[in-house]
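Contents: one structure, followed by commentary.
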Amino acid sequence: MEYQFKKTEQFWQQYWKENNSYAVSNISDKKPFYVLDMFPYPSGAGLHVGHPLGYIASDIYSRFKRLKGFNVLHPMGFDSFGLPAEQYALETGQHPAATTEKNIATFKQQLDKIGFCYDWNREVRTSDPYYYKWTQWIFLKLFNSWFNTESNKAERIQTLVEKFEKHGSTLLSRQPASFQSFSAEEWISFSDKMKQEILMEYRLAFSAYGEVNWCEALGTVLANDEVVNGLSERGGHPVVKKKMRQWYMRITAYADRLLKGLNTVDFSDSMKEMQRNWIGKSEGAELQFAIDGHEENIKVYTTRPDTIFGVDFIVLAPEHELVDKITSAEQRVSIDEYFTYVKSRSDRERMAEVKQVTGCFTGAFALNPFNNKKIPVWIAEYVLAGYGTGAIMAVPCGDQRDFLFAEHFQIPVTNIIGEHFNYSEANPTKEAILQNSGFLDGLIMKDAIVVALEKITEMGIGKRKVNFKMRDAGFSRQRYWGEPFPITWKDGIAVPLEENDLPLHLPHVDTYGPGPEGEGPLANLKEWVDLSAGDSEVRRETSTMPGYAGSSWYFLRYMDPENQETFCDRKASDYWGQVDVYVGGTEHAVGHLLYSRMWTKVLFDLGMIGFDEPFKKLVNQGMIQGSSRFIFRLEGEGISKEKVFVSYSLVEKWEKAQISKDELLKKINEVTGSSSISSTISFSRIHVDVNLVDGFELDKEAFKKWKPEYVNSFFILEDGKYTCAAEVEKMSKSKYNTVNPDVLVDKYGADTFRMYEMFLGPVEQSKPWDTKGIEGVHRFLRKLWRLFNDDIKGKLWNEEQPTDAEWKVLHTAIKKIENDTSNFSYNTAVSAFMVCVNELAEMKSNKRSVLEPLLIILTPYAPHIAEELWRQLGNTSSILDAAYPHVEEKYLTETSKEYPVSINGKLRTTITLPLTMEQADAEAMVLKNDVVQKWLEGKSPKKFIFVKGKMVNVVI
RNA sequence: GCCCGGGUGGCGGAAUUGGUAGACGCAGCAGACUCAAAAUCUGCCAUUCGCAAGGAUGUGCUGGUUCGAUUCCAGUCCCGGGCACCA
C-alpha cells in the first residue's frame, strides 16, 4: 500500500489526543526539561509559514529530549491582549474578547494540524481573568517593593518605611533628586500624602508624569508606530508631546544585574550585544561648568574627563531647562526659531540626517573650571534631553561629531593631542600624550582620566558617575484591551487593591474611543471609575497595562496553570526551574526579553522563585521572507491591455533583443486571433499569487479564476509554458507571497511540511520561503515507507540479522542525527536521514533491527509516519515512549585498518587507512612525500595527513 | 553615523572548525520501465580548454600567515537586520 499521509496523520493525531499522550506531570522520577516557544499574538490573519519555523524546531527538540528520557514541559499559549484587536474593534465594533477567541480557535486548529506535542492542558491566555489576576498580583508586588542598593535586591516597601522611621533618609545611598533628605522625626511628621509621594520615588512599579504622543484631533494618545513624520497615521493630524500621569517599571534599578546576568545565560553574542547596548552602561564623570554672568551651573556628563582642556564649546539639548535663562537678548530670536525647527522634526528625521549639522548659539559663555577659559554655549538637536544631563562638553579634536559642528560654525579648535590631530578629522584615541592641558600635560590620556577625575572630585565641581542609557519602562497605556491596574486614586494617592479582590475584571465597554482628557476607554464608564464616598474622591485607574505585562511571567504559569492560590507554586517552579531552551525571533531582543528578565529577578528577590534568570538558553529563529512571483502584462498601442500576458522567458529575450518585434507580434496574434500592430511594446510587472505558480510556471486555469478581470486572459507561452519572474521580498499579503501552512499540510502532510521547513536551512538564518523543494522531502518519506511496505508484496520487513554494512549505515545516521539535533542543526540532520534511507534502499535492507532504531530517531521530525510504521512492526506501546538508540561505535570503524609504516627501514608508526588500500600504498604515500622526509628526522609521527591520496603533513 | 550578522554552482544550502570545496535536496539533461502518463529507478550536472585521458581556474575583492585557507589575520566592496545621533 502507498503511504497515505492524510489517513495516517489524522489517525495518530486523534489517538494522541484521546490518550493524552502529551500531558506532562509535575511529578516524575525523570529529569525535568523545559522547552518554550515565544507565544504568539493571535492575529486575524492566521498562521503563515514563517510562524511554525520556530515551533517545529522546539517541537523536535522537545520530542528528542523526551526520547532521551527527560520529563519535557512544552506548552503553548496566547499573548492575547494587544492593540490590533482593539483597532479592529474600533473599526468593526466587534468586542476584542470575541475576535480574540475566534482567532485563537483558528491558530489552535492550524497548529494541531502540524502535529505539535503541546500539552494543551497547560495553555495560558494573557487576557483570561484567571491569568491576569496573577499579572495584577505581581504588579502589586512590584508596587509594594523597592530596590535596596545596599543589598542590591528588591525588598518589601515596609523595610524602607522602617528605615525612614528609624533613620530618615540619611542611610540611603540613592536618593531621588526631587527630595531633600529628611530625618526620622521629619518623616514621622510628614503627611500621609507626602509619605506616599516619597515612597513612590522608590517603588518598582511607580507612577509619574511622562511625555506621550498626543493627537488633539483624535483626542487620543498614539503609539510610536502610529505616528508618521509627526502626524497621526490615521487622518494625518498633528501629534505633540504631552505630559500625562503614567505608570513605569523601575527597570533602571536592575540595570547592573541585567548586565551581569548576561554572563550566566546562553544567548547568542549578537543578542547579548544588543541588550548591552540597550542598557548602555558607561563610566565617566558628571561635572559643572559655571556660566559667565549667571548663578546657575551647567552639568555635563562625559566619559572623557581627560579631555577637559580641549573643550571648545558646550552643547545643550534644545529642551534643556537652562536654555531659556541663559539666552542673550540678541540671540533670543535665533534660539526661538531654532527651537521651533527642532519641534517640527520627528525623532525619525533627527535620527536619519547625520550629515546635516544644525545648532544655535545661546549668547552665553561657560567657564572652564581649570583655566577659566570662556566657552560658548550652543544648543543642537544632536544632544538629547533624556540622556545623561542633556548637556555635553564638546571636544572637537577628539570627537568627530563635535569636530564637524566646530567646523560648520567656525569655532576655533584647541589641539590637546599634538600630532595625533590632523585638523581635518577628530581622533578619539586614548593613547596620545596630552598637551595644552595644564596639570594633565605629559600624561597618556587613558591614565589622565583617573587623574582628572580625582582633581574634579577634590575641587568639588563634579563626581565619578556611572550612567545608563536605559530608561524606566513605560507601563501604562491609554487603551482598553489590556489588564486593568488594581489601583484606585484616593485624593491623589495611589491605593492598591486588596489581594483578595483580584482579579479586577476588565469591564465590558460598548465603544472603544478614548475617554475625556485622552484617558483610556475605561474612563467612559463613570460608574466603574467613580468610587467616591463621602468627602473623599476615589477613582479607579483607567489606563491598562501594556502588552509585555502578561508576557513577562507567562513561562512560570505554564508550570502550574490551574493554581488558584498563587501565580505558580514554589514546588512547581523549583521542579522545572529555568526554561532550558527558549525559541523565538530577534524582534524581542530588547523588549520582552529584558522585561521578563527583570520580573524574574524581582520575584527571585522576593523569594517567590528560586532562579533569577528566566531563560537558560535562547535560540533565535530567522525570519522567513517571501518569494514573490511576477507576470508580465503586454502594454502597447492596439493591444487589448488587460488580457495579454507574456511569458517571462519571452520578456527576457525581448529585453535582451534576442527576439524581434515581428516574431513577438506574430506569436501574440496567433494566440489572440487578432492582427494587432504596435509601434511600441512594453510590459508591466504585476505581482501574482505565489500559490498559483508551480516553481516558475503559472497555473493558467487557476489564474483565470483568481480575479474576475482575468477570466478572458490570453497567455503568450514559450515551449507550452508560462514562466514567471521571481524576487525576494518581505512576506506580506499585498505582495501575494504569503503561503498558508494548511495548504501544504493538506497537499503533502504534516511530516513532510515539518521536515521541509527544517531542511530549508539553519533555523537561526533568515531565508526566503520557497515551496519548490518540498517534493524532495516528500519523496524521502515515501521511500522510507517502501522499506516497510510494497504495493504488490505488502509487508517487506523481516527479522533477519543485519550485515555489518547495514549496521554501519544505521549507526552513522544515529550518530550524525543525534549530534545535529542537539545542536539545532536540523537541516543537516534531515540530509542525514535522506542519505541513510537511500543507502538502505540501495541495499534492499528491510531488517527490523535496523528499521526500528531508525524510526525512533525520526520521531521528533516526522512523528506521524514514525508512529504508524512503529506499530506496523508490531509494537504495542507508542513510539513516543521509546528510548533513543545508542551509537555502537564498533560499526563505524570496521572498514578501516591499521598499517605499520616504516621509513628507511625503520618502523615509525602505524596509520589507519580504508580497507581498499594496501600496505604498499601506505608506504608509498609516506615515502613519496619529501615534506615528510624532512619533518621525520629523529621524530616519531602521530598522524599523517593525506590530501588527494598524497601525504602532505605529519603531526609529530 | 554606530552595532550585529552574512557573501560558496542555475537555486536552497554542506564542509568533522586549518586538511580531497560543492554533502543532501530542488531545477535541468539523458536513459530504463510503460501503449501512454503518473510513480519509480539509473547516469550526468561549478566554470573553462580538450574527442578523450587530462589540464587550468574557482568559496565577494586585494593582500598576509601556513606544507595547506571557505575556515585565521589586515584592508576593501556589496547585501541583510537593529538603533535611542548616547557624548
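Every chain is numbered from 1, with letters handed out A, B, ... down the list of sequences. Side-chain atoms are counted along with the backbone in the values below, which use heavy atoms only and exclude waters and symmetry mates.
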B:rA36 pairs with which nucleotide, Watson-Crick or G-U wobble, both distances below 3.5 Å? none
When the C1' atoms of B:rC73 and B:rU57 are compared, how many Å lie between them, rounded to an integer? 25 Å
Using atom types as modelled and distance alone, determine if a side-chain donor or acceptor of A:Asp751 lies under 3.5 Å from a backbone N or O of A:Ile865. yes
Pick the P atom in B:rA21 and in B:rU76, then give their distance to the nearest Å. 31 Å
Could you tell me the Watson-Crick or G-U partner of B:rA74, where both distances fall under 3.5 Å? Say none if there is no partner. B:rU62
Quick one: is A:Gln765 getting a side-chain N or O under 4.0 Å of the B:rG13 phosphate, OP1 or OP2? yes
Could you tell me whether the phosphate oxygens of B:rU40, OP1 or OP2, come under 4.0 Å of any side-chain nitrogen or oxygen in A:Arg782? yes
Side-chain N or O of A:Arg786 closer than 4.0 Å to phosphate OP1/OP2 of B:rC41: yes
Would you check if the distance from the ring center of A:Phe313 to the ring center of A:Phe405 is below 6.0 Å? yes
Under a 3.5 Å limit on both distances, the Watson-Crick or wobble mate of B:rU42 is B:rA30
Is any side-chain heavy atom of A:Ile60 closer than 4.5 Å to a side-chain heavy atom of A:Arg754? yes
Starting at atom CD1 of A:Ile279, determine the distance to atom P of B:rA84, rounded to an integer number of angstrom. 16 Å
To the nearest angstrom, the NZ-C1' distance between A:Lys281 and B:rC3 comes to 20 Å
Counting only Watson-Crick or G-U wobble pairs whose two distances fall under 3.5 Å, which nucleotide matches B:rA56? B:rU47
Side chain to side chain, A:His778 and A:Lys747, heavy atoms closer than 4.5 Å: no
With A:Tyr861 via side chain to side chain donor-acceptor pair (under 3.5 Å) - residues at least two apart: A:Thr821
Between B:rA27 and B:rG12, how far is it from one P atom to the other, in whole Å? 15 Å
Among B:rA14, B:rG12, B:rC85, which nucleotide sits nearest the side chain of A:Leu760? B:rG12
Flag side-chain contact, heavy atom, 4.5 Å: A:Leu287 against A:Ile308: yes
Any donor-acceptor N or O pair under 3.5 Å, side chains A:Ser282, A:Asn467: no
Between A:Lys272 and B:rC4, is there a side-chain N or O to OP1/OP2 distance below 4.0 Å? no
Enter syn or anti for the glycosidic conformation of B:rG9, syn applying to angles within 90° of 0. syn
Any residue in residues 827-837 of chain A with a heavy atom nearer than 4.0 angstrom to RNA chain B? Just list them by number, or reply none. A:Asn827, A:Thr828, A:Ser831, A:Met834, A:Val835
Examine distances only and state if a side-chain atom of A:Asn823 and a backbone atom of A:Asn819 form a donor-acceptor pair shorter than 3.5 Å. yes
C1' atom, B:rU71 versus B:rU17: distance in rounded Å? 7 Å
Could you tell me the separation between the OH atom of A:Tyr756 and the C1' atom of B:rC11, rounded to a whole number of Å? 10 Å
Calculate the interatomic distance between A:Glu319 atom CD and B:rA84 atom P; express it in whole Å. 16 Å
Would you mind reading off the distance between A:Asn467 atom CG and B:rC86 atom P, rounded to a whole angstrom? 13 Å
Is the phosphate of B:rA39, meaning OP1 or OP2, less than 4.0 Å from a side-chain N or O of A:Arg779? no
For nucleotides B:rU8 and B:rG13, find the distance between their C1' atoms and express it as a whole number of Å. 9 Å
When the C1' atoms of B:rA30 and B:rC79 are considered, how many whole Å apart are they? 38 Å
Any strand, both distances under 3.5 Å, Watson-Crick or G-U wobble: B:rC2 pairs with B:rG82
Min side-chain heavy-atom separation A:Phe409-A:Trp378 under 4.5 Å: yes
Pairwise 5' ranking along RNA chain B for A:Gly761 and A:Val777, keeping only the more 5' one: A:Gly761
How many Å lie between CG on A:Asn819 and C1' on B:rU16, as a whole number? 9 Å
Between P on B:rC11 and CZ on A:Phe759, what's the gap in Å once rounded to a whole number? 16 Å
Taking a pair to mean Watson-Crick or G-U wobble geometry with both distances below 3.5 Å, B:rA15 pairs with none
Please measure how far the C1' atom in B:rA69 lies from the corresponding atom in B:rU20, and state the result in whole Å. 14 Å
Tell me which of A:Met470 and A:Thr302 sits closer to the 5' end of RNA chain B, going by the nucleotide each one is nearest to. A:Met470
Among B:rC3, B:rA87, B:rG13, the one nearest A:Asn277 by side-chain distance: B:rC3
Expressed as a whole number of angstroms, how long is the span from A:Glu273:CD to B:rC4:C1'? 8 Å
Steps toward side-chain contact (heavy atoms from CB on, under 4.5 Å) verdict (A:Ile857, A:Phe833): CA-CA 9 Å; A:Ile857 61 174; A:Phe833 277 117; 3.7 Å; yes
If you check the A:Asn838 side chain, which of B:rG13, B:rA84, B:rG25 turns out closest? B:rG25
What interatomic distance, in whole Å, is found between C1' of B:rG58 and the corresponding atom of B:rC49? 15 Å
